[in-house]
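Not measured: the values here are computed from a predicted model. Heavy atoms only: backbone and side chains are in, while hydrogens, waters and symmetry mates are out.
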Amino acid sequence: MAGQIGGFNEFGRIRRVALRRPEAAFQSPAKIVAEWQRLAYTEAPLMAEAAREYDRLEACLESVGATLDHLPADPSLTIDALYVRDAAIVAPGGLILCNMGKPARQGEPALHGKALGAAGIPILGRIEGAGRIEGGDLVWFDARCLAVGRGYRTNDEGIRQLQALVGPGVEVVTVPLPHYRGPGDVFHLMSILSPLDRDLLLVYSPLMPVPFREWLIARGMTLVEVPDAEFDSMGCNVLAIAPRHCVMLKGNPQTQARLRAAGCRVEVIAGREISAKGQGGPTCLTRPLLRD
Ligand SMILES: NC(=[NH2+])NCCC[C@H](N)C(=O)O
């Protein structure tokens, strides 16, 4: 396993990352037309523009030396398969295949397992039965501490199974999430938090539970706040590609300025097709497998 997955943090330099390009996730314009409303997209994404936006994301990842593992298309997937973070997580011992809280996405974890298993990554286990976990709800603070958002996409049984899979050496910290816009919306722990470095986090505090916010501060974290005006445009969804070096979506200038003021190098990408329409930002689009 050494050299294939690891890091167990959300800020180290990305060495290897799983992705699914828009061509593979969307498959065809007809599939987009058939699915976008049912999946609660705001509009139908445009394939060619999506591919161009995605090229820029890949260029950012390659600029730090990451190896890209491209996941294949499959007829059983919906266009949400673009958001590869959610279907599996990495853990010491191997990949954990999730069990999606959004029913339409249930085919995704097995395909992550098939493709990444074939690439030599060990599968530690899967979330099964009534358990639900989506990767967007999980944040590794270090190899011994994993925070998990308990919301509409991740349930108590999922968290119980997750704790059993990672074992007693990992402290699983459950973070209760607010109802916010309800079960039909996408709201994950990473909707309100993006790690930038060991001691630096981007947060949207108005939707953050007080005990969790206090816990972060007690751990020595400095919090950079996303302003209200930039929450809906996914100002809070920022991918660290290396410590204090991150990728964010265009259209969030105040957040961008605050990140720079906190000492971050910031890459800005357009995400109208790949992010805004399906509500998944740079973190949702990527499943880092190996970080420093
Ligand atoms: N980790 C994330 N925030 N993923 C975003 C997923 C967006 C996708 N449309 C969904 O509703 O499931």
Side-chain angles (χ1 to χ4, degrees), residues 6-17 19 56-66 83 85 89-90 135-149 173 175 188-209 212-269 271 275 280-292:
F8 313 115
N9 64 66
E10 316 290 343
F11 53 79
R13 180 174 296 269
I14 297 180
R15 298 293 177 185
R16 183 174 184 181
V17 58
L19 300 165
R56 179 79 181 97
L57 172 67
E58 289 193 343
C60 292
L61 293 162
E62 284 174 327
S63 77
V64 294
Y83 302 113
R85 171 164 306 248
I89 68 155
V90 291
D137 277 322
L138 269 75
V139 176
W140 286 99
F141 283 98
D142 59 50
R144 310 191 123 257
C145 181
L146 175 62
V148 53
V173 176
V175 183
H188 290 115
L189 179 58
M190 290 201 76
S191 304
I192 52 170
L193 175 162
S194 291
L196 302 163
D197 203 345
R198 188 172 303 284
D199 58 354
L200 189 70
L201 288 176
L202 182 67
V203 298
Y204 184 64
S205 290
L207 291 175
M208 190 167 268
F212 180 58
R213 193 170 184 281
E214 290 176 344
W215 180 85
L216 294 170
I217 292 167
R219 279 179 70 95
M221 303 281 181
T222 296
L223 308 182
V224 177
E225 302 282 346
V226 173
D228 291 340
E230 296 183 356
F231 182 68
D232 282 344
S233 49
M234 279 181 283
C236 202
N237 195 309
V238 172
L239 176 72
I241 52 178
R244 284 176 154 79
H245 184 186
C246 57
V247 180
M248 72 177 301
L249 294 174
K250 200 167 115 184
N252 297 291
Q254 292 185 64
T255 304
Q256 190 182 330
R258 290 178 190 183
L259 289 170
R260 292 220 163 100
C264 295
R265 182 171 159 198
V266 184
E267 315 292 341
V268 180
I269 64 170
S275 289
T283 62
C284 319
L285 289 163
T286 51
R287 165 41 68 207
L289 299 169
L290 179 64
R291 284 184 182 267
D292 284 351

Between [X] and [Y], which heavy-atom pair has the shortest distance, and what is it?
X	Y	value
Ser275	Gly281	OG-CA, 3.6 Å
Val17	Ala66	CG1-CB, 4.3 Å
Gly271	Leu249	CA-CD2, 3.9 Å
Ala240	Pro195	CB-O, 3.5 Å
Ile89	Gly135	CG2-CA, 3.8 Å
Ile269	Cys60	CG2-SG, 4.1 Å

Over 12 foreign heavy atoms within 6.0 Å of [atom1], [X]:
X	atom1	answer
Arg219	CZ	yes
Arg56	CZ	yes
Arg260	CZ	yes

[atom1]/[X] to [atom2]/[Y] distance, rounded to the nearest 0.5 angstrom?
X	Y	atom1	atom2	value
Leu189	Leu207	CG	CG	12.0 Å
Leu202	Met190	CG	CE	10.0 Å
Leu201	Glu225	CG	CD	10.5 Å
Phe11	Ser194	CZ	OG	13.5 Å
Ile192	Arg213	CD1	CZ	11.0 Å
Ile14	Arg291	CD1	CZ	4.0 Å

Mind checking what makes side-chain hydrogen bond (donor to acceptor under 3.5 Å, both in side chains) contact with [X], not counting sequence neighbours?
X	value
Ser191	none
Glu214	none
Asp197	Arg244

Counting C-beta onward and ignoring hydrogens, is there a side-chain heavy-atom pair between [X] and [Y] closer than 4.5 Å?
X	Y	value
His245	Glu267	yes
Val238	Val226	no
Leu285	Tyr83	yes

Arg85 with Glu10: basic N within carboxylate O range, under 4.0 Å |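 Yes.
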Checking side chain to side chain contact (heavy atoms under 4.5 Å, CB included) for the pair Cys264/Val224: CA distance, chi angles, key distance, verdict?
-> CA-CA 11 Å; Cys264 295; Val224 177; over 6 Å; no
Do any N or O atoms from the side chain of [X] and from the backbone of [Y] form a donor-acceptor pair under 3.5 angstrom?
X	Y	value
Asn9	Asp292	yes
Asn237	Thr283	yes
Glu230	Gln254	yes
Trp140	Gly7	no

Leu193 and Leu216: CA distance, side-chain angles, deciding distance, side chain to side chain contact (heavy atoms under 4.5 Å, CB included) verdict = CA-CA 11 Å; Leu193 175 162; Leu216 294 170; 4.3 Å; yes
On the 0 to 90° scale, with breaks at 30° and 60°, tag the Phe141-Trp215 ring pair as parallel, tilted or perpendicular.
-> perpendicular
Mind running side chain to side chain contact (heavy atoms under 4.5 Å, CB included) on Leu19 and Leu61 for me, showing each step along the way?
-> CA-CA 11 Å; Leu19 300 165; Leu61 293 162; 4.0 Å; yes
